[in-house]
K.L.:
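Before anything else, here's the structure in question.
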Amino acid sequence: METVLSYLVPILLIVGSVVFMEWFATWSHKHIMHGWGWGWHKSHHEPHDDALEKNDLYALVFAGVAILLFLAGEWWRPLTWIGLGVTIYGFLYFVLHDGLVHQRWPFKYIPRKGYLKRVYQAHRMHHAVKGKEGCVSFGFVYAQPVDKLVKQLQTNRKTIDETVLDNEDERPVLH
Ligand SMILES: [Zn+2]
Ligand SMILES: [Zn+2]
């Protein structure tokens, strides 16, 4: 029992933290980054040729939180597992959002089916609206099907930029 628990508790804390982080990232993307935190996030919704965006500061803040959790974990072990969950989430965010959708890595891969396609399309729909108001799909790992997002945009009375979904060869210009 002792040994089962010694594995189970860390695993639950890690998985729980990853799930919590997706919820928290979705919430803060909607209410902070598209609210009073738009000053940093705006850079991510405008076309540019720079390697870095002011929006990357948010990733640094989350990385700082993970580091603090690891440090505090020396004093109370469960915080290490929570810190590991936050780090894994950061990795998923980087691969799915920065890599897959925004192609900030040196190769191009556009998913054609399944979960990856859904995540890819959902986040492109997030960028289908200009500015901070009336956007849809604020999550990064969980994504709704694209037809649901189109309906939400219609209720938000937003005209969408259709080109976000059908770029096959061009590097997308997102805003
Ligand atoms: Zn956004
Ligand atoms: Zn984005």
Side-chain angles (χ1 to χ4, degrees), residues 18-66 85-175:
V18 173
V19 173
F20 171 80
M21 281 304 291
E22 170 64 1
W23 174 81
F24 184 68
T26 306
W27 181 87
S28 53
H29 185 190
K30 189 169 183 174
H31 296 286
I32 298 177
M33 293 157 203
H34 281 248
W36 55 266
W38 179 247
W40 283 4
H41 191 56
K42 186 172 179 250
S43 59
H44 181 61
H45 280 264
E46 288 171 341
H48 63 79
D49 293 319
D50 306 324
L52 291 173
E53 298 170 348
K54 214 173 179 182
N55 183 56
D56 295 326
L57 290 170
Y58 282 119
L60 275 186
V61 170
F62 281 112
V65 170
V86 174
T87 305
I88 292 170
Y89 185 79
F91 177 75
L92 291 174
Y93 170 82
F94 175 77
V95 170
L96 295 172
H97 177 263
D98 287 27
L100 194 72
V101 181
H102 293 293
Q103 292 157 18
R104 292 176 87 179
W105 50 29
F107 61 93
K108 192 173 162 125
Y109 170 70
I110 297 176
R112 302 279 177 228
K113 58 177 165 47
Y115 166 74
L116 291 181
K117 179 180 179 185
R118 180 159 149 166
V119 163
Y120 176 86
Q121 289 193 323
H123 192 68
R124 290 183 66 83
M125 293 306 284
H126 177 69
H127 284 276
V129 172
K130 260 204 171 91
K132 74 177 172 123
E133 308 289 344
C135 296
V136 292
S137 189
F138 292 91
F140 300 102
V141 176
Y142 169 75
Q144 289 191 309
V146 74
D147 51 326
K148 277 202 175 163
L149 297 171
V150 170
K151 280 207 188 92
Q152 283 177 30
L153 281 169
Q154 283 160 352
T155 31
N156 289 358
R157 295 167 176 277
K158 285 287 173 186
T159 43
I160 65 157
D161 173 2
E162 299 280 349
T163 59
V164 295
L165 288 180
D166 59 23
N167 78 304
E168 296 289 313
D169 304 301
E170 298 269 300
R171 192 191 156 94
V173 179
L174 296 180
H175 44 65

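Values below: all heavy atoms of this structure, side chains included; hydrogens, waters and symmetry mates excluded. Whatever order the structure lists them in is the order used to number ligands and atoms, beginning at 1.
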K.L.:
Of the non-hydrogen atoms in K132 and H34, which two are nearest, and what is the gap between them?
P.N.:
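In this case the closest contact between K132 and H34 is O-ND1, 3.0 Å.
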
K.L.:
What residue pairs, at least two apart or across chains, pass salt bridge (Lys or Arg N to Asp or Glu O under 4.0 Å) with a residue in residues 54-65?
P.N.:
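Every pair satisfying salt bridge (Lys or Arg N to Asp or Glu O under 4.0 Å) with a residue in residues 54-65: D56-R104.
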
K.L.:
Is the distance from the Zn ion (ligand 1) to the nearest N/O/S atom of H34 under 2.8 Å?
P.N.:
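So H34 does bind the Zn ion (ligand 1) by this criterion.
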
K.L.:
Pair H123, S137 - check side-chain contact (heavy atoms from CB on, under 4.5 Å), show working.
P.N.:
CA-CA 6 Å; H123 192 68; S137 189; 5.5 Å; no

K.L.:
Verify whether the ring centers belonging to H45 and W38 lie closer than 6.0 Å.
P.N.:
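Between H45 and W38, the centre distance is under 6.0 Å.
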
K.L.:
Would you kindly say whether H126 and H97 are connected by a side-chain donor-acceptor distance under 3.5 Å?
P.N.:
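Per modelled atom types, H126 and H97 side chains form no pair under 3.5 Å.
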
K.L.:
Angle at the Zn ion (ligand 2): provide the value between NE2 of H44 and NE2 of H123, rounding to 10 degrees.
P.N.:
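So the angle at the metal works out to 150°.
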
K.L.:
If you check every N/O/S atom of H29, which is the one nearest the Zn ion (ligand 1)?
P.N.:
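Atom name of the closest N, O or S in H29: NE2.
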
K.L.:
So, of the N/O/S atoms that H127 has, which is the nearest one to the Zn ion (ligand 2)?
P.N.:
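When I compare the N, O and S atoms of H127, NE2 is nearest to the Zn ion (ligand 2).
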
K.L.:
Report the name of the N/O/S atom of H41 located nearest to the Zn ion (ligand 1).
P.N.:
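The atom in question is NE2.
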
K.L.:
Distance check below 2.8 Å: does H126 bring an N, O or S atom to the Zn ion (ligand 2)?
P.N.:
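No, since none of the N, O or S atoms of H126 sits under 2.8 Å from the Zn ion (ligand 2).
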
